[in-house]
Amino acid sequence: MAYWMHYYGYDVTVVEIGSEPRRGGTPIDVRGESLDCAKRMGILDAIKKAKLPTKGLKFMNARNEVQGLMLVEEIGAISSEDTEIRRDDLVDILYAKVKHSVSYKFSNRIIQLEQNASNVKVTFKDDTTGIFDFVIGADGIHSGVRKLAFGQEEQFTHFLNFYFSVFTVDSNLGEQNYAHMYNTPDTMATVYFYNADSADALLAFRAPYKVIFDRYNVEEQKQIVTNAFAGIGWKVPQLLDALKQADNFYLDQGCQIKMPAWTSGRVALIGDAGYAPAFPTGMGSTLAMHGATVLADAMAENDNYETAFNVYGETFRPVVDQLQATVYDGMSFVLPETAEKIEARNSLGK
Ligand SMILES: Cc1cc2nc3c(=O)[nH]c(=O)nc-3n(C[C@H](O)[C@H](O)[C@H](O)COP(=O)(O)OP(=O)(O)OC[C@H]3O[C@@H](n4cnc5c(N)ncnc54)[C@H](O)[C@@H]3O)c2cc1C
C-alpha cells in the first residue's frame with residue numbers, strides 16, 4: 001500500500017509498533033493474484049529468488065514413520081507459479097522496495113484519530129501529531145487503527161475454536177526441505193525445516209472455549225501450550241523443551257476478522273486488519289497484497305476518495321467471502337478431530 005500511494009504521488013508515513021520491520025513466522029505462500037501484484041511492483045523476481053526448496057509435507061505417526069506424503073504442488077496450489085517463501089524474506093523484499101521513498105516511524109503507533117471533511121489529524125504515541133489525507137490501517141489482526149476508527153476488536157473477531165503457536169527449534173528435529181506433521185485428535189505438531197541452522201515448530205490445538213491469557217505474558221502462554229500437549233508422543237516432548245527456551249515464541253487464537261465495511265470516512269483497512277482469513281487457508285499474505293492493490297487501483301482511478309473506497313469494498317468483498325469460507329476445509333486438513341479423520345487425511349498422501 002505504501003509503495004502504491006507513493007507511486008501515485010502521496011507523501012507516505014508508515015507507522016510500525018516494532019523497532020524494526022516485524023519478523024517471524026513460518027513460511028508463507030505468495031500465490032494467485034498476489035503474484036500479479038508483485039509483478040506490477042517489480043518484486044516478483046526477488047520473491048522467486050527467495051523461493052524455498054520445500055518438496056512436501058509428510059504425515060508422521062508416533063513412531064516417526066511416514067504415513068503419507070503430499071508434494072508441495074498438491075497442497076492448496078492455485079498454479080505452478082505459487083511461491084513459498086520465509087515470511088522474513090517477504091518482509092525484507094517489501095521493506096527494501098519502499099524504505100527510501102516513504103518515511104518510517106518505528107517504535108510508534110497511532111493513539112488518536114480526528115477526522116473532518118478534508119483530512120485526518122493523527123496523534124502518535126510519542127506525542128507528535130500530523131495531518132494526513134488518509135489513514136490506511138495495515139496493522140494486522142489486532143489492529144490499533146481498527147479499534148480507533150471502527151470499535152472494539154471483539155465485534156469483528158470470529159473465533160475458530162483453535163489456538164496456534166510458532167517458535168524456532170533445532171534443525172535436527174526436522175528433515176531438510178520437508179515439513180513433518182503429527183496429529184492426535186484435536187492437536188497438530190508440525191516442524192518446517194528450510195535451512196541448515198534452524199527449523200520452525202507450529203503447535204496447534206482445538207479448544208471448545210476461549211482461553212483467556214495476557215497477550216504480553218509469554219510464560220503464561222507457554223504454559224497453556226505445554227498443558228495442551230501434555231502426554232502427547234512423537235517429537236512433542238522435545239518440541240516442548242525447545243518451546244521453554246524459545247525467545248521468538250508466538251501464541252494466538254485462530255480467528256477470522258469479518259467486518260461489514262473496511263472504510264470509515266478517510267480511514268481504510270487492508271490485510272489481516274480488515275479480513276484476516278486465518279492460517280489454515282494459507283492465503284493471509286496473498287489476500288493482503290491483493291487487497292492493497294485493489295484499493296490503490298481504485299484510488300488511482302477515482303478522483304473522489306469516497307467512490308474509490310466504495311469500489312474497493314464492492315470489488316473485494318466477494319474475493320474475501322469466498323476465501324474465508326475455505327477455512328473449514330483447511331482446519332479439517334491440519335486439525336482432524338478423530339483418529340479416523342487423521343487416517344483419512346494421511347491417506348490423501350498415499
Ligand atoms: C510475527 C508474525 C508472525 C506471523 N506468522 C504467520 C505464519 O506463520 N503463517 C501465516 O499464515 N501467517 C502468519 N502471520 C500473519 C501474516 O503475516 C498475515 O496474514 C499476512 O502477511 C497479512 O499481513 P498484514 O500486513 O495484514 O498483517 P501482519 O503481517 O500481521 O503485519 C502487521 C504489522 O503491523 C504491526 N502492528 C501491529 N499493531 C500495530 C499498531 N497498533 N501500530 C503500528 N503497527 C502495528 C505489526 O508489528 C506488523 O508489522 C504472522 C504475522 C506476524 C505479525
Side-chain angles (χ1 to χ4, degrees), residues 1-8 10 12-17 32-34 36-37 40-41 94 109-122 132-160 252-279 281 283-327:
M1 194 71 213
Y3 169 82
W4 285 115
M5 295 305 276
H6 167 74
Y7 182 86
Y8 290 125
Y10 288 90
V12 179
T13 301
V14 177
V15 194
E16 165 59 48
I17 202 166
E33 294 288 342
S34 66
D36 189 45
C37 302
R40 285 177 56 193
M41 285 177 66
L94 289 167
R109 65 188 165 87
I110 296 172
I111 59 166
Q112 195 175 17
L113 294 172
E114 293 165 80
Q115 299 199 47
N116 63 38
S118 47
N119 56 48
V120 191
K121 182 179 172 198
V122 175
F132 295 87
D133 293 303
F134 305 105
V135 173
I136 314 289
D139 47 351
I141 212 154
H142 303 294
S143 169
V145 170
R146 186 182 62 222
K147 191 171 171 191
L148 291 171
F150 298 82
Q152 290 299 328
E153 179 167 319
E154 292 67 37
Q155 56 187 310
F156 308 118
T157 301
H158 286 248
F159 180 46
L160 292 165
D252 210 346
Q253 55 171 295
C255 72
Q256 293 187 321
I257 298 296
K258 295 191 176 204
M259 303 184 69
W262 302 310
T263 58
S264 169
R266 290 178 166 269
V267 180
L269 300 176
I270 57 165
D272 279 8
Y275 32 77
F279 91 82
T281 63
M283 291 291 280
S285 306
T286 290
L287 201 62
M289 288 172 71
H290 187 191
T293 311
V294 170
L295 176 56
D297 285 350
M299 290 183 79
E301 285 158 17
N302 294 280
D303 293 335
N304 178 331
Y305 80 89
E306 286 160 311
T307 310
F309 281 10
N310 285 339
V311 169
Y312 168 51
E314 283 165 20
T315 315
F316 210 49
R317 177 69 57 186
V319 178
V320 169
D321 287 350
Q322 197 186 9
L323 197 262
Q324 286 192 332
T326 66
V327 76

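Atom set for the values below is all heavy atoms of this structure, side chains included, hydrogens, waters and symmetry mates excluded.
By the 30° and 60° cut-offs, the orientation of the rings of Tyr7 relative to Trp4 is perpendicular.
Trp262 is listed as a side-chain neighbour of Arg317, based on a closest heavy-atom distance under 4.5 Å. When side chains are defined from C-beta on, Phe150 does not count as touching Gln155, because their heavy atoms never get closer than 4.5 Å. The side-chain heavy atoms of Val319 and His290, taken from C-beta on, include a pair separated by under 4.5 Å. Annotation: side chain of Gln112 is not in contact with side chain of Leu148 (no heavy-atom distance under 4.5 Å). Side-chain contact between Met41 and Leu94 is present, with at least one heavy-atom pair separated by less than 4.5 Å. Taking 4.5 Å as the limit, some side-chain heavy atom of Leu295 sits within range of a side-chain heavy atom of Met1. Using a 4.5 Å cut-off on side-chain heavy atoms (C-beta onward), Pro260 and Phe156 make contact.
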Please set out all donor-acceptor pairs under 3.5 angstrom arising from side-chain atoms of residues 307-314, sequence neighbours excluded.
from: Asn310; atom 1: ND2; to: Glu306; atom 2: O; distance (Å): 3.4
from: Tyr312; atom 1: OH; to: Leu269; atom 2: O; distance (Å): 2.6
from: Tyr312; atom 1: OH; to: Tyr275; atom 2: OH; distance (Å): 2.8

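Rounding to the nearest 0.5 Å gives a distance of 7.5 Å between OG1 of Thr157 and CD1 of Ile141. Residue Glu33 holds its CD atom at 8.5 Å from CE of Met283, rounded to the nearest 0.5 Å. Here OG1 of Thr326 is found 11.5 Å from CG of Asp321. Values are rounded to the nearest 0.5 Å.
Taking the salt bridge (charged side-chain N to carboxylate O under 4.0 Å, His left out) definition, one finds that Glu153 meets it with Arg146, sequence neighbours left out. For Asp297, the salt bridge (charged side-chain N to carboxylate O under 4.0 Å, His left out) criterion is met by Arg40, not counting sequence neighbours. The ring pair (Phe, Tyr, Trp, His ring centres under 6.0 Å) check on Phe159 picks up Tyr163, with sequence neighbours excluded. Residues passing the side chain to side chain donor-acceptor pair (under 3.5 Å) test with Asn116, sequence neighbours excluded: Ser118, Asn119. With sequence neighbours left out, the side chain to side chain donor-acceptor pair (under 3.5 Å) criterion links Asp252 to His142, Tyr250.
When atom types are taken as modelled, the side chain of Gln324 and the backbone of Ile257 share a donor-acceptor pair closer than 3.5 angstrom. Counting only distance, with no hydrogens or angles, the side chain of Gln256 and the backbone of Pro277 share a donor-acceptor pair below 3.5 Å. Using a distance-only test at 3.5 Å, with no hydrogens or angles considered, a donor-acceptor pair links the side chain of Arg266 to the main chain of Asp133. Remark: side-chain polar atoms of Asp139 are paired, donor with acceptor, to backbone N or O of Val145 under 3.5 angstrom.
Other residues, nucleotides and ligands contribute only 12 or fewer heavy atoms inside 6.0 Å of the NZ atom of Lys147. In the displayed structure, Phe132 atom CZ is contacted under 6.0 Å by more than 12 heavy atoms of other residues, nucleotides or ligands.
Between Ala278 and Cys255, the shortest heavy-atom distance links the atoms CB-O, 3.5 Å. When all heavy atoms are compared, the tightest approach of Thr293 to Cys37 is OG1-SG, 3.2 Å. Considering every non-hydrogen atom in both Thr263 and Ala268, the closest pair reads CG2-CB, 3.7 Å.
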